[in-house]
Number of protein chains: 2
Amino acid sequence: MSESTRLPLFIQISELLRREISAGYWLPGERLPTEAELAKKLGVAVGTLRKALTELESNGLLERKQGSGTYVKNAPDSSAVYHFFRLELKSGGGLPNADVLNLERHTNTHVASLLGLPSNAPLWRFRRLRKLDQQPAAMEEIWIDGRHSEHIAIEDVIESLYVFYREKLGFWISRVQDSITVDHVPDWKHPDFAPDVGSACGYIERLSWSNQDRIEEVSFTWYDPESVRYAARWT
Amino acid sequence: MSESTRLPLFIQISELLRREISAGYWLPGERLPTEAELAKKLGVAVGTLRKALTELESNGLLERKQGSGTYVKNAPDSSAVYHFFRLELKSGGGLPNADVLNLERHTNTHVASLLGLPSNAPLWRFRRLRKLDQQPAAMEEIWIDGRHSEHIAIEDVIESLYVFYREKLGFWISRVQDSITVDHVPDWKHPDFAPDVGSACGYIERLSWSNQDRIEEVSFTWYDPESVRYAARWT
DNA sequence: AGGAATTTGTGCGTATGTATC
DNA sequence: AGATACATACGCACAAATTCC
């Protein structure tokens with residue numbers, strides 16, 4: 001190894017297991033080999049393996065039961081693409097999904113200032129219809145610096161905006177801050193999305209920091225509080 | 001010790017240190033003795049002490065710097081009591097505070113089921129007026145198992161419910177889950193708290209797990225989305 | 001029902017790496 | 001450069017929860 005600083009062993013192990021789980025090598029609900037077996041197979045001490053497993057448990061990929069074993073969680077979002085997605089059905093869960101409705105260049109003084117850009121800076125604005133289990137759940141407006149790319153086609157971002165960021169723009173979102181209040185349904189309301197609570201609507205303002213610790217994305221989300229909730233878990 | 005199930009040693013240590021920090025025995029910014037010294041003084045292995053310190057670090061009471069030492073964080077005032085408090089002024093920040101308005105025994109089928117109790121189980125219900133910078137910001141209703149204590153006086157909980165839980169009831173909240181939607185202002189609306197957004201109101205339903213990993217507390221919060229927001233940070 | 005085997009949790013001790021002073 | 005202090009890694013013993021016979 002000529003690497004300047006290689007990662008700690010327990011991180012290497014946890015990342016290895018994370019990839020294997022993500023690749024479907026270990027299936028949801030399945031029990032992993034015992035600590036002793038795994039440690040031996042991987043050639044590390046049990047304590048080191050335990051630290052890796054603890055890491056994955058706190059990240060929600062594993063569940064560890066004393067006397068029983070270590071199990072792969074039925075991760076609803078194994079791909080980590082939905083890592084920061086915080087909306088779920090009030091009836092519980094729901095597989096997230098998004099349709100890009102609209103993609104245009106605009107200027108916006110407020111957003112520009114949040115992004116630390118001149119007020120007349122060109123921006124990209126995405127408007128998406130978010131779905132949970134294929135049911136319209138929220139409307140979303142996302143803004144990024146317009147200089148990232150001269151041209152963006154809807155096809156580029158149809159899969160996942162986060163993948164697009166990473167693959168095409170060379171950054172990824174590592175941290176977000178959400179502010180949740182109440183707002184009115186915006187006027188670009190989509191016909192498929194019709195909250196019926198008078199005009200009151202759940203409203204999320206999000207700032208997203210990239211791996212370079214810059215605010216690279218600002219988004220606004222309106223959701224129907226009758227069918228959808230914002231869920232936050234803290235430890 | 002004749003206790004049926006005593007707490008793990010590293011938890012006992014972390015709670016001891018937590019009390020000492022909270023009592024001001026260790027001052028903010030101060031450096032703690034080295035791991036080796038502390039472990040020796042407390043009569044535990046270094047590894048055990050490390051686990052306790054890690055616990056406190058993740059709770060934001062300590063900061064550990066390799067090569068330097070372990071420092072008491074300049075906790076904004078009554079440390080970690082507001083660890084799970086997630087409301088802030090839309091204008092930014094705000095020092096949190098609470099008035100206990102009402103404290104009674106009730107039964108409630110819905111809450112009882114959330115707590116895993118029989119539907120007619122006696123419960124304690126706290127109603128509080130939450131303030132930010134002394135301004136009324138939200139109304140809060142908190143439910144716990146009625147068997148925890150036969151009598152609770154308002155004076156007992158006037159400082160902090162969390163401190164009361166830990167000191168008098170012997171548990172503490174280590175994890176919460178929030179669901180944020182929109183609701184109507186409840187009918188026990190306090191005269192000082194008058195959201196003026198029609199009848200739409202920010203609404204938080206919280207489940208709180210204790211250190212024993214049981215749901216020990218259920219709470220409902222109504223906040224004025226005109227002046228207050230729910231703020232969540234993710235990494 | 002109950003006891004043995006299995007599996008994770010806790011605790012101890014030590015050696016070595018790495019960042020800080 | 002050397003001393004100090006936290007981070008990582010190893011290994012072992014026993015406790016507690018679960019499972020299985």
Side-chain angles (χ1 to χ4, degrees), chain A residues 1-18 21 26 29-73 235, chain B residues 1-18 21 26 29-73 116 174-175 209-214:
Chain A
M1 303 289 157
S2 66
E3 233 160 322
S4 57
T5 52
R6 84 180 189 300
L7 290 171
L9 188 49
F10 77 92
I11 296 283
Q12 294 179 42
I13 299 290
S14 73
E15 287 304 311
L16 169 67
L17 293 172
R18 185 193 296 274
I21 292 170
W26 306 106
E30 194 175 1
R31 210 196 73 182
L32 294 187
T34 68
E35 295 177 344
E37 286 168 12
L38 251 186
K40 185 174 181 189
K41 190 164 78 167
L42 295 169
V44 301
V46 177
T48 304
L49 176 68
R50 283 181 60 82
K51 215 169 168 186
L53 294 177
T54 301
E55 182 81 8
L56 293 175
E57 184 183 32
S58 77
N59 283 14
L61 277 81
L62 295 179
E63 187 174 0
R64 293 158 61 69
K65 293 184 193 170
Q66 182 175 172
S68 179
T70 303
Y71 300 84
V72 179
K73 271 225 176 166
T235 52
Chain B
M1 302 287 157
S2 67
E3 235 162 320
S4 56
T5 53
R6 85 180 188 302
L7 292 170
L9 189 50
F10 75 91
I11 295 282
Q12 295 180 39
I13 299 291
S14 73
E15 284 305 307
L16 169 67
L17 292 173
R18 186 193 296 274
I21 291 169
W26 306 105
E30 193 176 0
R31 210 194 73 181
L32 262 51
T34 68
E35 295 179 344
E37 286 168 11
L38 249 186
K40 185 173 181 189
K41 190 165 79 168
L42 294 169
V44 300
V46 178
T48 305
L49 176 68
R50 281 183 59 82
K51 222 171 163 183
L53 294 177
T54 301
E55 182 81 8
L56 293 175
E57 183 183 32
S58 77
N59 282 16
L61 277 81
L62 295 179
E63 185 174 1
R64 319 190 67 215
K65 292 184 194 170
Q66 183 175 175
S68 176
T70 303
Y71 299 84
V72 179
K73 268 219 177 173
S174 63
R175 183 160 61 94
W209 282 260
S210 74
N211 51 314
Q212 288 119 26
D213 219 34
R214 286 170 30 84

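Fair warning: this is a prediction, and the values are worked out from it, not measured in the lab. Each chain gets a letter, A, B and so on, in the order its sequence line appears, and its residues count up from 1.
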> Would you call A:Glu15-A:Arg18 a salt bridge at under 4.0 Å N-O?
Replying inline: yes
>> Within residues 39-46 of chain B, which residues have any heavy atom lying less than 4.0 Å from an atom of DNA chain C?
In response: B:Val44, B:Ala45
> Heavy atom of residues 47-56 of chain A under 4.0 Å from DNA chain D: which residues?
Replying inline: A:Thr48, A:Lys51
> What residues form a side chain to side chain donor-acceptor pair (under 3.5 Å) with B:Thr34, not counting sequence neighbours?
Replying inline: none
> When the nearest nucleotide of DNA chain D is assigned to A:Phe10 and to A:Tyr71 on a heavy-atom basis, which residue is associated with the more 5' position?
Replying inline: A:Phe10
> Side chains of A:Val72 and A:Leu61: does their closest heavy-atom pair fall under 4.5 Å?
Replying inline: no
>> I want to check something: taking the side chain as every heavy atom from C-beta on, are B:Leu38 and B:Ile13 in contact at a cut-off of under 4.5 Å?
In response: no
Which whole-number value in Å describes the distance from [X] [atom1] to [N] [atom2]?
X	N	atom1	atom2	value
A:Leu9	D:dA7	CG	C1'	13 Å
B:Arg64	C:dA19	CZ	P	16 Å
B:Glu63	C:dT20	CD	P	12 Å

> How would you list, by chain and number, every residue that makes a side chain to side chain contact (heavy atoms under 4.5 Å, CB included) with B:Gln66, sequence neighbours excluded?
Replying inline: none
> How would you list, by chain and number, every residue that makes a side chain to side chain contact (heavy atoms under 4.5 Å, CB included) with A:Lys65, sequence neighbours excluded?
Replying inline: A:Glu63, A:Ser68, A:Tyr71
> Rounded to the nearest 0.5 Å, what separation is found between the CH2 atom of A:Trp26 and the CG atom of A:Leu17?
Replying inline: 8.0 Å
> CD1/A:Ile11 to CG/A:Leu16 distance, rounded to the nearest 0.5 angstrom?
Replying inline: 12.5 Å
Side chains of residues 41-57 of chain A: which donor-acceptor pairs under 3.5 Å do they make with residues two or more places apart or in other chains?
residue : atom : partner : partner atom : Å
A:Arg50 : NH1  : A:Glu35 : OE1          : 3.3
A:Arg50 : NH1  : A:Glu35 : OE2          : 2.7
A:Thr54 : OG1  : A:Arg50 : O            : 2.8
A:Glu57 : OE2  : A:Arg64 : N            : 3.4

> What is the bend of the helix from C:dG2-D:dC21 to C:dC21-D:dG2 when you compare the axis at one end with the axis at the other, using five pairs each and rounding to 10°?
Replying inline: 10°
Which protein N or O atoms sit under 3.5 Å from an N or O of nucleotides 4-7 of chain C?
residue : atom : partner : partner atom : Å
C:dT7   : OP1  : A:Arg31 : NH2          : 3.3
C:dT7   : O2   : A:Gly67 : N            : 3.1

